[in-house]
Amino acid sequence: MSSQDIAISAPGKGTALITGASTGIGAVYAERLARRGYDLVLVARNKERLEALAERLVRETGRRVEVLAADLTATADLRRVEERLRSDERITLLLNNAGLGATATLLDSDPDQIDTMIQLNVVALTRLTRAVAPGFVARGGGALINIASIVALSPELLNGSYSGSKAYVVNLSQSLHHELGAKGVKVQAVLPGATRTDFWGIAGVPVEHLPQEIVMSAEDLVDSALAGFDAGELITIPSLPDVEDWKRFDAARQALGPNLSRSVPAARYANAATATATATATATAA
Ligand code: NAP
């Protein structure tokens, strides 16, 4: 039996809706998820590319693959995809992958492009998640995979609003795991490093201009991310050699918890706070 026959006979796992499926990381996920037994709904703007991919995947895997052309920064299109996520009970996985980057510094960037990036990376991702999650909870299961970026942990790289948008994705994923994990919803945030796709050219620096030793193929990225998903990871950083580095970082963050909100200022600020209070009282009395 060939590996293709095995893929075709894989049992159904429900439907995965993938945003940004027309190329790059999303297109590789589409192929891998179809071979794992998912039917697919492929979302992006470029209908021709989506249809070509859908046709190939139906032929090669025998799964049902539907194309939903949508610009997720356009309100009407976004609402259409939200409605699909709310109403289609076969959907068992939402892959929030569509995203835009920016390589120029904030001062050198176009505010309208930053706005569009935030609409796609943050607003659309949030609304799609909000649309699908209640159904997952009601049905007792489902999976959310959110594609973030290592810049979430490295705000000094690239554009601050891009890294901020990806830090949002990490925070939201951690919060959703906390909120929905016990309700059967599996959450994963994937933090790719530089990956060989059109993303870089669109963001302003062709990927060929990067040192090639920091660039991973989209295939390796997705296969590692899916291995992390299978292992039940909440945060997957495919490039990081030692996962203990991440665990130590996260443990340090969590150790801050009990001290982040208190009724009195920290001792190092106490003198300044007292001095300000005294000055205010003196000014009021005068
Ligand atoms: P890509 O090759 O440029 O693909 C982006 C995908 O998003 C395409 O399918 C594109 O399709 C879709 N898309 C863009 N704007 C859209 C919109 N307004 N509405 C709907 N779909 C839209 O980039 P990629 O590298 O695969 O990126 C995928 C994700 O990985 C992004 O979230 C990105 O931030 C993240 N990431 C990438 C890298 C990297 O180095 N490549 C590193 C870290 C994180 P259409 O043009 O057809 O709409």
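Along the sequence shown, the residues carry numbers beginning at 1. One-based numbering, in listed order, for ligands and for the atoms of each.
Ser224 places a side-chain N or O within donor-acceptor distance of the main-chain N or O of Asp220, the cut-off being under 3.5 Å. A side-chain donor-acceptor contact under 3.5 Å links Asn159 to the backbone of Ala104.
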Donor-acceptor pairs under 3.5 angstrom involving side-chain atoms of residues 132-155: please list them, not counting sequence neighbours.
unit_1: Arg139; atom_1: NE; unit_2: Glu89; atom_2: O; d: 3.4
unit_1: Arg139; atom_1: NH2; unit_2: Ile91; atom_2: O; d: 3.2
unit_1: Asn146; atom_1: OD1; unit_2: Asn96; atom_2: ND2; d: 3.0
unit_1: Asn146; atom_1: ND2; unit_2: Ser173; atom_2: OG; d: 3.0
unit_1: Ser149; atom_1: OG; unit_2: Val151; atom_2: N; d: 3.0

Side-chain donor-acceptor pairs under 3.5 Å in residues 180-192, sequence neighbours left out?
unit_1: Lys186; atom_1: NZ; unit_2: Phe229; atom_2: O; d: 2.9
unit_1: Gln188; atom_1: NE2; unit_2: Ala225; atom_2: O; d: 3.0
unit_1: Gln188; atom_1: NE2; unit_2: Thr236; atom_2: OG1; d: 2.8

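What you find for Arg32 and Asp223 is that their closest heavy atoms are NE-OD1, 2.7 Å.
Sorted by first then second residue, the side chain to side chain donor-acceptor pair (under 3.5 Å) pairs that include residues 250-260, not counting sequence neighbours, are Asp250-Arg253, Asp250-Gln254, Asn259-Arg262.
Protein residues with a heavy atom under 4.0 Å from ligand 1 are Gly20, Ala21, Ser22, Thr23, Gly24, Ile25, Ala44, Arg45, Asn46, Ala70, Asp71, Leu72, Thr73, Asn97, Ala98, Gly99, Leu120, Ile147, Ala148, Ser149, Tyr162, Lys166, Pro192, Gly193, Ala194, Thr195, Thr197, Asp198, Phe199, Trp200, Ile202.
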